[in-house]
2 protein chains.
Amino acid sequence: MGTHYKGTKEEVRALNTYIKLMRAAESVTARLNPRIASYGLTVSQFGVLEALYHLGPLCQHELAKKLLKSSGNITLVIDNLEKRGFVRRRRERVDRRLVRVRLTPRGRRLIQDIFPGHVAAIVQEMSALTSREQDTLARLCRKLGLKQQK
Amino acid sequence: MGTHYKGTKEEVRALNTYIKLMRAAESVTARLNPRIASYGLTVSQFGVLEALYHLGPLCQHELAKKLLKSSGNITLVIDNLEKRGFVRRRRERVDRRLVRVRLTPRGRRLIQDIFPGHVAAIVQEMSALTSREQDTLARLCRKLGLKQQK
DNA sequence: CTTCAATCGTTCGATATCAAATGGTTTGAC
DNA sequence: GTCAAACCATTTGATATCGAACGATTGAAG
């Protein structure tokens, strides 16, 4: 299992941990995906709606940062959400470089419909771990995710 | 940090763990990416070369399963690798439905060039955690990744 | 043998994703 | 005040990615 690479103990351990981390993230995503897709949304679209729902109207570069995507990508995702009437763009008056994105009533209804089941599905996924284990996992992931200067 | 969602303790914990897991995977990937890209490869292309390197020639559906991608996707990735002369396709004689993919000498040289540095980069990433923590993370991720029959 | 279901790779249409280039806008330095 | 640097969204061209439809091949059931 894990890796077939022959290396030092340290290397094998790091590779194994890396692979397990990626697999876990991919597997959980793959199992959560169908629910979101069943509402006709992609993961990115869902991410945008969810961010707007919980944080209020945001500029596109804020969404890009929040979702770890390029600004060009966000432009497209917003395009597709706007076409279907879930969000609305408005150019800022004070700083005309910015485009503020907000949920339409229709978009708000959609995310309100989806979100409770989404949370339930995540709770279900995480039920493979005890509360203690979940906290440990979160802590270790956080250490890994942090920007390391070097 | 984590989530802005107001829910039960269990829900907040699960959501927080989920977000941290996804962030960690994305962050590590994002930091590993530039190295691979500097060789003119995408992550998927690298994944294929690495699998062929360590496991030997494989059929496309085996690659798809290994990399958790659709068969249609693998077709395209192999197309692009083949165009550049890193892999070669050959139709199986016994079972003519199968297409076996193998590294060319050029492809082998490339992955041999890249891989050591890739391992070093992963070791560097994982150095944010102690050996003990890495093992714990791997174990918890493994529990999460496993298929759970409802 | 024949036929039918399963398997495998490809194609298609839609969306995602990035990096780089572009054009409009703002801000800071002078 | 002017101008250059920084910032923001969009566009473009390439690759990724999926699901679904498709055609070829195989295997199994009769």
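All chains are named by letter (A, B, ...) in the order of the sequence lines, taking the proteins before the strands, and each is independently numbered beginning at 1.
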With sequence neighbours excluded, what pairs up with [X] under the side-chain contact (heavy atoms from CB on, under 4.5 Å) test?
| X | result |
| --- | --- |
| B:Ser131 | A:Arg13 |
| B:Ser71 | none |
| A:Thr130 | A:Arg132, A:Glu133 |

Among residues two or more places apart or on two chains, list those pairs meeting side-chain hydrogen bond (donor to acceptor under 3.5 Å, both in side chains) that have a residue in residues 90-107 of chain A.
-> A:Glu92-A:Arg100, A:Asp95-A:Arg97
State plainly whether the residues B:Arg89 and B:Glu82 are in salt-bridge range, i.e. N to O under 4.0 Å.
->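 Counted as a salt bridge, because a side-chain N and a carboxylate O are separated by less than 4.0 Å.
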Contact class for A:Val101 (heavy atom, under 4.0 Å): base, sugar-phosphate, or nothing?
-> nothing
Going 5' to 3' along nucleotides 7-19 of chain D, which nucleotides have protein heavy atoms under 4.0 Å from the base (write B), which only from the sugar-phosphate (write S), and which from neither (write -)?
-> BSSBB---SBBB-
Could I get the full list of salt bridge (charged side-chain N to carboxylate O under 4.0 Å, His left out) partners for A:Glu10, not counting sequence neighbours?
->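 Here no residue qualifies.
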Side chains of residues 34-46 of chain A: which donor-acceptor pairs under 3.5 Å do they make with residues two or more places apart or in other chains?
{"residue": "A:Arg35", "atom": "NH2", "partner": "A:Ile114", "partner atom": "O", "Å": "2.8"}
{"residue": "A:Ser38", "atom": "OG", "partner": "A:Arg35", "partner atom": "O", "Å": "2.6"}
{"residue": "A:Thr42", "atom": "OG1", "partner": "A:Gln45", "partner atom": "N", "Å": "3.1"}
{"residue": "A:Gln45", "atom": "OE1", "partner": "A:Thr42", "partner atom": "N", "Å": "3.1"}

Check every nucleotide of DNA chain C for an atom under 4.0 Å from a heavy-atom of chain A, then give the first and the last such nucleotide from 5' to 3'.
->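 Footprint of chain A along DNA chain C, 5' to 3': C:dT15 to C:dT26.
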Residues that B:Glu26 engages under side chain to side chain donor-acceptor pair (under 3.5 Å), provided they are two or more places apart |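 Counting only residues at least two positions away or on another chain, B:Glu26 forms no side chain to side chain donor-acceptor pair (under 3.5 Å).
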